[in-house]
Amino acid sequence: MFTTQHVSRVRRLYKLIFRVHRALPPELRVLGNNYARDEFKRHKTCSTEEAKIFLNEWTDYAINIAKQTKPLNQARNKDIGKYLDPNLLDYMTDEQLVQLYELHKATSLDPDDETSAENFNNEKQTKP
């Protein structure tokens with residue numbers, strides 16, 4: 001299905017992403033590594049056209065993260081990542097929107113906050 005050159009390119013990109021993630025804060029590194037691993041597994045049997053799009057997007061991601069984690073760039077602005085253009089949501093499938101929402105939930109709550117959120121919901125239910 002895919003040539004050895006394609007497989008080699010995918011492996012190099014996969015390794016590059018994990019190398020770039022080393023510069024991230026620990027909690028973002030774990031999240032990014034798990035997400036990348038899952039996405040690459042999920043796209044193992046995709047079509048040639050999907051593979052091109054997939055590799056281009058992940059290459060852009062790796063370049064953006066590499067630029068943002070350079071020491072000089074980190075000294076100027078402490079932010080990592082970039083905002084998602086709201087117009088892109090119109091082009092996403094339902095599965096992609098659910099995945100984006102799950103990613104948002106994972107990045108919005110601290111692991112310790114999860115229990116406090118459950119307690120908050122329980123308190124709301126018991127109050128008249």
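Just so you know, residue 1 is the first one in the sequence shown, and it goes up from there. As the structure is a computational prediction, the values presented were derived from the model and not from experiment.
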List the atom of E50, the atom of C46, and the distance in Å for their closest heavy-atom pair.
-> OE1-CB, 3.3 Å
Is the ring centre of H21 less than 6.0 Å from the ring centre of Y61?
-> yes
Identify, with sequence neighbours excluded, every residue that meets ring pair (Phe, Tyr, Trp, His ring centres under 6.0 Å) alongside Y14.
-> F18, F40
Spell out, as yes or no, whether a donor-acceptor pair under 3.5 Å connects the side chain of S8 to the backbone of T4.
-> no
Within a radius of less than 6.0 Å around CG of D94, do more than 12 heavy atoms belonging to other residues, nucleotides or ligands occur?
-> no
For residues 17-36, pull every pair meeting salt bridge (Lys or Arg N to Asp or Glu O under 4.0 Å), keeping only residues two or more places apart or in separate chains.
-> none
So do the side chains of R9 and T59 get within less than 4.5 Å of each other, counting heavy atoms only?
-> yes
What distance do N33 atom CG and L28 atom CG have between them, rounded to the nearest 0.5 Å?
-> 10.5 Å
Partner residues of R42 under the salt bridge (Lys or Arg N to Asp or Glu O under 4.0 Å) criterion, sequence neighbours left out = D38, E39
How many angstroms lie between atom CD1 of I63 and atom CH2 of W58, to the nearest 0.5 angstrom?
-> 13.5 Å
Go through H104 and L100 one step at a time and tell me if the side-chain contact (heavy atoms from CB on, under 4.5 Å) criterion holds.
-> CA-CA 6 Å; H104 171 71; L100 184 62; 5.8 Å; no
How far does CG of L88 sit from OH of Y91, to the nearest 0.5 angstrom?
-> 8.5 Å
Non-hydrogen side-chain atoms of N56 and I53 separated by less than 4.5 Å = no
Taking atom CD of E49 and atom CZ of F54, what is their separation to the nearest 0.5 Å?
-> 14.5 Å
Closest contact, heavy atoms only, V20 versus A66 | CG1-N, 3.7 Å
Check the surroundings of atom CZ in R11: do more than 12 heavy atoms from other residues, nucleotides or ligands lie under 6.0 Å from it?
-> no
